[in-house]
Amino acid sequence: MTASHPQPTPTALPGPPTDELLHVVQFSGGIGSWATAMRIKAEYGTDRLVLLAADTKAEDPDLWRFVGDAAAHLGVTPVIVADGRTPWQVFADQRFIGNSRIAPCSRILKQKPCRDWLTANADPATTILYVGIDWSEQLRTPGIERGWKPWAVRFPMCEPPDLTKAQMLDWARAEGIEPPRAYANGFAHNNCFGACVRAGQQQWRHLLQVAPERFAAAEAEEEHLRDELGDVAILRERRNGVSRPLPLRELRRRATANAAPEHGPSAAAANRSA
């Protein structure tokens with residue numbers, strides 16, 4: 001690692017000697033999980049390093065390019081697990097559309113396959129699990145720790161020196177790795193090809209702007225489930241103190257209307273004077 005990316009002070013770990021520990025990084029394809037793996041490699045080497053990735057069948061192909069490049073740079077072959085379904089197939093099976101508060105896709109397509117692998121391959125007594133959230137999301141750590149019991153969890157990017165996401169991206173470039181294109185396309189996270197049900201209205205509007213075909217595909221899936229399940233949607237809005245579903249179709253209609261050019265006499269007069 002270069003001098004501009006110093007290592008965190010190692011955290012004392014109880015139990016067996018560190019050379020007997022299995023170090024499992026939740027390797028999501030995001031820049032935080034890559035930076036986490038780099039810090040663990042610098043601290044413990046790669047002999048007992050596992051890069052555990054869950055395939056939701058809905059990711060940007062460039063995510064898997066990045067996983068491959070990053071894993072090759074680390075010298076570790078990733079372990080890829082999968083349920084086999086897409087998020088929309090999970091929503092249909094569960095008869096529930098995921099949203100920012102409840103996302104069965106995350107539990108079923110990511111957490112469960114990873115937990116199954118850990119149960120079969122990683123003794124909690126000799127395993128440390130690493131999650132790539134950083135200091136800006138540190139309030140999430142207690143819930144993550146509870147959710148992954150009985151495995152101990154550590155968050156290297158919550159430990160000093162603190163790095164911003166931009167600094168992590170620059171670090172990857174300095175190592176000769178091209179970061180995932182999702183960040184250059186204006187997305188804060190590299191998951192679900194930008195069509196994440198945990199995202200809010202702002203990200204869905206951004207997806208409509210930069211990748212309307214992916215927005216349209218999600219809209220069609222949502223409309224299909226609305227036909228079956230009724231007035232439900234990924235998004236919600238509050239008007240006059242009442243919370244109600246906001247379908248992607250309606251979000252697109254509003255965004256398109258707001259972006260439409262003016263019509264009528266004033267627009268015609270402007271055109272004549274141009």
Side-chain angles (χ1 to χ4, degrees), residues 1-10 23-46 49-56 58-80 106 110 114 129-141 144 153-196 198-200 202-211 214:
M1 180 178 296
T2 63
S4 60
H5 300 292
Q7 290 301 301
T9 301
H23 305 282
V24 182
V25 176
Q26 294 276 23
F27 207 59
S28 66
I31 196 64
S33 65
W34 171 79
T36 293
M38 290 290 285
R39 283 189 168 182
I40 297 310
K41 175 184 177 180
E43 192 171 336
Y44 298 110
T46 59
L49 174 62
V50 176
L51 306 176
L52 182 59
D55 184 358
T56 67
E59 304 296 350
D60 182 353
D62 187 66
L63 178 147
W64 296 112
R65 186 277 309 166
F66 177 71
V67 166
D69 290 352
H73 180 262
L74 287 159
V76 178
T77 300
V79 174
I80 300 175
S106 180
K110 292 184 177 182
C114 288
L129 186 63
Y130 302 89
V131 175
I133 67 169
D134 62 40
W135 54 272
S136 67
E137 298 181 292
Q138 198 154 358
L139 290 177
R140 295 177 54 199
T141 59
I144 295 173
V153 185
R154 185 174 152 199
F155 308 91
M157 302 316 295
C158 291
E159 301 169 12
D162 297 336
L163 297 181
T164 65
K165 190 161 290 184
Q167 288 172 319
M168 296 181 212
L169 294 169
D170 287 343
W171 180 10
R173 295 185 188 98
E175 295 284 345
I177 302 170
E178 181 62 27
R181 65 181 174 183
Y183 300 109
N185 288 339
F187 294 97
H189 303 282
N190 186 28
N191 52 19
C192 290
F193 218 171
C196 177
R198 289 189 181 276
Q202 182 177 354
Q203 177 165 317
W204 282 99
R205 290 192 189 96
H206 181 68
L207 180 67
L208 177 61
Q209 180 180 14
V210 302
R214 298 207 301 271

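Any value given below was found using the heavy atoms of this structure, including those in side chains, with hydrogens, waters and symmetry copies removed. Note that the numbering runs from 1 along the sequence shown for the chain.
Using a 4.5 Å heavy-atom cutoff, the side chains of Val67 and Phe27 are in contact. With a 4.5 Å cut-off on side-chain heavy atoms, Asn191 and Glu59 count as touching.
The salt bridge (Lys or Arg N to Asp or Glu O under 4.0 Å) test applied to Glu137 returns Arg140, not counting sequence neighbours. Partners of Ala195 according to the side-chain contact (heavy atoms from CB on, under 4.5 Å) rule, which considers only residues two or more places apart in sequence or in another chain, are Trp204, Leu207. A search for side chain to side chain donor-acceptor pair (under 3.5 Å) contacts involving Ser136 returns Asp134, not counting sequence neighbours. Remark: His206 pairs with Phe187 by the ring-ring contact (aromatic ring centres under 6.0 Å, His included) rule, at least two apart or across chains. For the ring-ring contact (aromatic ring centres under 6.0 Å, His included) test, no residue two or more places apart in sequence or in another chain qualifies with Phe155.
Of all heavy-atom pairs between Pro156 and Tyr130, the closest is CG-CD2, 3.7 Å. The minimum heavy-atom distance linking Val76 with Leu49 is given by the pair CG1-O, 3.5 Å. Of all the heavy atoms in Leu51 and Ala37, the pair that sits closest is CD2-CB, 4.0 Å.
Contacts classified as salt bridge (Lys or Arg N to Asp or Glu O under 4.0 Å) and involving residues 64-79 (residues at least two apart or in different chains) are given here: Asp62-Arg65, Arg65-Asp69.
Distance CG/Asn190 to SG/Cys196: 11.0 Å, rounded to 0.5 Å. Atom CD1 of Ile177 is separated from atom CD1 of Ile31 by 8.0 Å, given to the nearest 0.5 angstrom. Remark: Leu52 CG to Ser33 OG distance equals 11.0 Å, nearest 0.5 Å. A distance of 8.0 Å separates CG of Leu74 from OG1 of Thr46, quoted to the nearest 0.5 Å. Met168 CE to Met38 CE: the interatomic distance, rounded to the nearest 0.5 Å, is 12.5 Å. In this structure, OG in Ser28 is found 10.0 Å from NE2 in His189, a value given to the nearest 0.5 Å.
In terms of modelled atom types and a separation under 3.5 Å, the side chain of Arg39 and the main chain of Glu159 share a donor-acceptor contact. At distances below 3.5 Å, at least one donor-acceptor pair connects side-chain atoms of Gln203 with backbone N or O atoms of Gly194. At distances below 3.5 Å, at least one donor-acceptor pair connects side-chain atoms of Thr164 with backbone N or O atoms of Gln167. A distance-only check finds a donor-acceptor pair linking the side chain of Lys165 to the backbone of Ala188 [under 3.5 Å].
Between Trp34 and Trp171, the ring-plane angle classifies as perpendicular under the 30° and 60° cut-offs.
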Exercise for review: Please lay out, stage by stage, how Phe66 and Asp60 fare under the test side chain to side chain contact (heavy atoms under 4.5 Å, CB included).
Suggested key: CA-CA 10 Å; Phe66 177 71; Asp60 182 353; over 6 Å; no
